[in-house]
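Counting starts at 1 for both ligands and their atoms, following the listed order. All residue numbers refer to positions in the sequence shown, counting from 1.
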Amino acid sequence: VNAVLDSRVDLHETLCILRVRPDGGSVPQFEPGQFTNLGLFDASETPQTAPGPPSELRRAFSFASPPAQRDSAEFYIQRVDDGHFTQHLWKLQPGGRLWLDERVYGNFTLADVPPTSELVLVATGTGLGPYLSMLRQHRGGERWKRCALVHSARHQADLGYRGELEALARRDPTFRYLPTLTREPASSSWSGLRSHVQEIVEPAGFERLAGWPLDPATAHVFLCGNPQMIIDLGGQLAESGFRPHRRRAPGQVHSERYW
Ligand SMILES: Cc1cc2nc3c(=O)[nH]c(=O)nc-3n(C[C@H](O)[C@H](O)[C@H](O)COP(=O)(O)OP(=O)(O)OC[C@H]3O[C@@H](n4cnc5c(N)ncnc54)[C@H](O)[C@@H]3O)c2cc1C
Ligand SMILES: NC(=O)c1ccc[n+]([C@@H]2O[C@H](COP(=O)([O-])OP(=O)(O)OC[C@H]3O[C@@H](n4cnc5c(N)ncnc54)[C@H](OP(=O)(O)O)[C@@H]3O)[C@@H](O)[C@H]2O)c1
């Protein structure tokens, strides 16, 4: 183990924000949107002789903090029912030891997106994490022309970072925050959107909500989280002329599947 859990904020029983501080004093260099691995030793297992934790107790997590913050890294994490890693992670308290991979991974970044682009950032659940890193690093920096963030969650309590994102939308006229809740009781205080992201990221609905058209000539769409959402919405976007982005075959749809 080479890191310590600096702090944890439990938003509810199965959703938390962790801050991890590496012993070496500095988080590896990364691009907003990238991920690394966290690892834990299960007390019942014999530690291996090879460096790093047993592979079954290592999982990928997207950085939610901006790269400019070097002393600790933030992660937005959902505990999965009966999840092998997250059930152990949930027992870890501040001061507890864990492993933070020294390498970073992934192409789910703004590297191939020109600063004149419109950005549509779509997340389910903790798929919000990489966008926090992008927004925190680049806000106010003219890294995009305008940006809409669509975050789908089950209930109000699952809308992590809501205050920060609402404040950003109030300050920055180029940024729209569009949270949507799919299991909030009809009787609740929630007066916002209640549809799946597919109903929001379609041409007519999107223009009404974001105030600008959804156009593959000007926009890049990022999809993160639930793999079925990525398949479904990716197919729907193809009908509007959007293509998956690959380094060798540039397109406008970037995706990161969490499972
Ligand atoms: C590139 C990448 C980045 C990731 N970043 C994050 C992150 O920032 N935050 C985060 O919470 N998770 C993230 N994940 C998911 C994470 O790596 C683990 O899969 C997750 O924590 C579950 O691990 P587990 O051992 O508890 O569950 P396992 O015992 O491995 O069970 C896995 C099963 O749980 C379900 N599952 C996995 N992840 C999720 C999830 N987030 N929400 C709902 N169901 C899920 C799926 O059905 C999956 O088959 C990321 C995954 C990838 C590939
Ligand atoms: N024990 C608990 O109290 C508890 C509570 C919450 C979560 N969990 C655990 O956490 C895991 C993840 O839950 P989560 O809510 O973060 O993630 P999730 O199940 O992926 O749901 C997040 C959001 O994505 C939506 N969604 C799901 N599939 C979609 C699709 N194909 N297309 C478009 N939108 C889709 C959901 O809508 P829908 O509402 O329609 O699914 C919800 O709004 C669960 O599998 C469970 O293990 C446990």
Among protein heavy atoms, which lies nearest atom 34 (N) of ligand 2, and at what distance?
H196 CD2, 3.5 Å
Identity and separation of the nearest protein heavy atom to atom 4 (C) of ligand 2
T14 OG1, 3.8 Å
Identify the protein heavy atom lying closest to atom 25 (C) of ligand 2, giving its residue, its atom name and the separation to 0.1 Å.
S152 OG, 3.8 Å
Can you confirm, on distance only, whether ligand 1 has an N/O atom lying under 3.5 Å from any N/O atom belonging to F35?
no
Salt bridge R19-D6, side-chain N to carboxylate O under 4.0 Å:
no
Given S117 and W144, is the side-chain contact (heavy atoms from CB on, under 4.5 Å) satisfied, shown in steps?
CA-CA 5 Å; S117 289; W144 44 76; 5.8 Å; no
Below a 4.0 angstrom heavy-atom separation, can you tell me which part of E256, side chain or backbone, both or neither, approaches ligand 1?
side chain
So which bit of D232 gets within less than 4.0 Å of ligand 2, heavy atoms only: side chain, backbone, both or neither?
side chain
Which segment of V80 sits under 4.0 Å of ligand 1 when only heavy atoms are counted
side chain
Counting heavy atoms only, which of C224, A60, P227 is nearest atom 50 (C) of ligand 1?
A60
Tested for side chain to side chain donor-acceptor pair (under 3.5 Å) against H220, the lone hit among H245, E118, H254, Q252 is H254
Atom 15 (C) of ligand 1: of F75, Y258, F63, the nearest heavy atom sits on Y258
Nearest-neighbour protein heavy atom for atom 30 (O) of ligand 1, which is reported as residue plus atom name and distance
R59 NH2, 3.1 Å
Can you tell me which portion of F61 lies within the under-4.0 Å heavy-atom range of ligand 1? Options are side chain, backbone, both, or neither.
both
Name the closest protein heavy atom to atom 46 (C) of ligand 2, giving the residue it belongs to and the distance to 0.1 Å.
D81 OD2, 3.6 Å
Could you check atom 33 (C) of ligand 2 against the protein and tell me its nearest heavy-atom contact, residue, atom and distance included?
Q198 OE1, 3.1 Å
Consider every N or O of Q78 and every N or O of ligand 1, then say whether any pair is closer than 3.5 Å.
yes
Please list the nearest protein heavy atom to atom 29 (O) of ligand 1 with its residue and the distance rounded to 0.1 Å.
H84 N, 2.8 Å
Give the residue, atom name and distance (to 0.1 Å) of the protein heavy atom nearest atom 15 (O) of ligand 2.
R154 NE, 2.8 Å
of all protein heavy atoms, closest to atom 27 (O) of ligand 1 is G83 CA, 3.4 Å
Which residue and non-hydrogen atom of the protein lie closest to atom 25 (O) of ligand 1, and at what distance in Å?
F85 N, 2.7 Å
What protein heavy atom is closest to atom 8 (O) of ligand 1, reported as residue, atom name and distance in Å?
S62 N, 3.1 Å
What do the steps show when you test L110 against L119 for side-chain contact (heavy atoms from CB on, under 4.5 Å), and what is the final call?
CA-CA 10 Å; L110 300 173; L119 286 186; 3.9 Å; yes
Using a 4.0 Å heavy-atom cut-off, which part of Y258 comes near ligand 2: side chain, backbone, both, or neither?
neither
Ignoring hydrogens, just give me the one of T126, T36, N226 whose non-hydrogen atom is nearest atom 10 (C) of ligand 1.
T126
If you compare F108, W90, W259 by their heavy atoms, the one closest to atom 39 (C) of ligand 1 turns out to be W259
Ligand 2 to R79, heavy atom cutoff 4.0 Å, flagged ligand atoms 9 (C), 10 (O)
of all protein heavy atoms, closest to atom 22 (C) of ligand 2 is G125 N, 3.8 Å
Taking atom 11 (C) of ligand 2 as the reference point, the nearest protein heavy atom with its distance
Q78 CG, 3.9 Å
Which ligand 2 atoms does A153 reach within 4.0 Å, using its non-hydrogen atoms?
42 (C), 43 (O)
In terms of residue, atom name and distance, what is the protein heavy atom nearest to atom 21 (O) of ligand 1?
T86 CG2, 3.3 Å
May I ask whether R257 has any heavy atom positioned less than 4.0 angstrom from an atom of ligand 1?
yes
